[in-house]
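Reading through the structure tokens given below for one structure.
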Amino acid sequence: MTFMKRLEPVWLLLVIIGCLNWAVLAISDTNVLAKVFGTGTVTDVVYCVIGFAALMFVPKLMEEMHLSDRMHPRTH
């Protein structure tokens, strides 16, 4: 688990890159990642890595929003 915590800055950077790509795509209709990596398998892998990075933040977001407490029923 500490290994995953150490990688949080990397996950965050990848998520920010993905978000900025979507923002530029929406504003100027230019896909920056496709321009950098071309249209092919490499771009698809980059999108998968960014998606995986976003999924890595789900437990942290649930913890920050105190949703993880609600997921486990309490016994009285």
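For reference, positions follow the sequence shown, starting with 1.
The shortest distance between side-chain heavy atoms of Lys35 and Thr30 falls below 4.5 Å.
Counting only distance, with no hydrogens or angles, the side chain of Thr43 and the backbone of Thr41 share no donor-acceptor pair below 3.5 Å.
Annotation for Phe57 and Glu8: closest pair CZ-O, 3.7 Å, computed over non-hydrogen atoms. Contact between Leu14 and Ala53 at its shortest, heavy atoms only, is CB-CB, 3.8 Å.
In this structure, Leu25 is not a member of the same hydrophobic cluster as Ile16, with clusters built from ILVMFWY side-chain heavy atoms closer than 4.5 Å. Hydrophobic clustering (side-chain heavy atoms under 4.5 Å, transitive across Ile, Leu, Val, Met, Phe, Trp, Tyr) keeps Trp22 apart from Phe37.
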- prompt: Could you go step by step and tell me if Tyr47 and Val42 meet the side chain to side chain contact (heavy atoms under 4.5 Å, CB included) rule?
  reply: CA-CA 9 Å; Tyr47 280 128; Val42 176; over 6 Å; no

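Looking at Glu64, Glu63, Met62 one by one, the single match for side chain to side chain contact (heavy atoms under 4.5 Å, CB included) with Lys60 turns out to be Glu64. Residue Ile50 forms a side chain to side chain contact (heavy atoms under 4.5 Å, CB included) with just one option from Leu13, Leu55, Val45, Leu33, and that option is Leu33.
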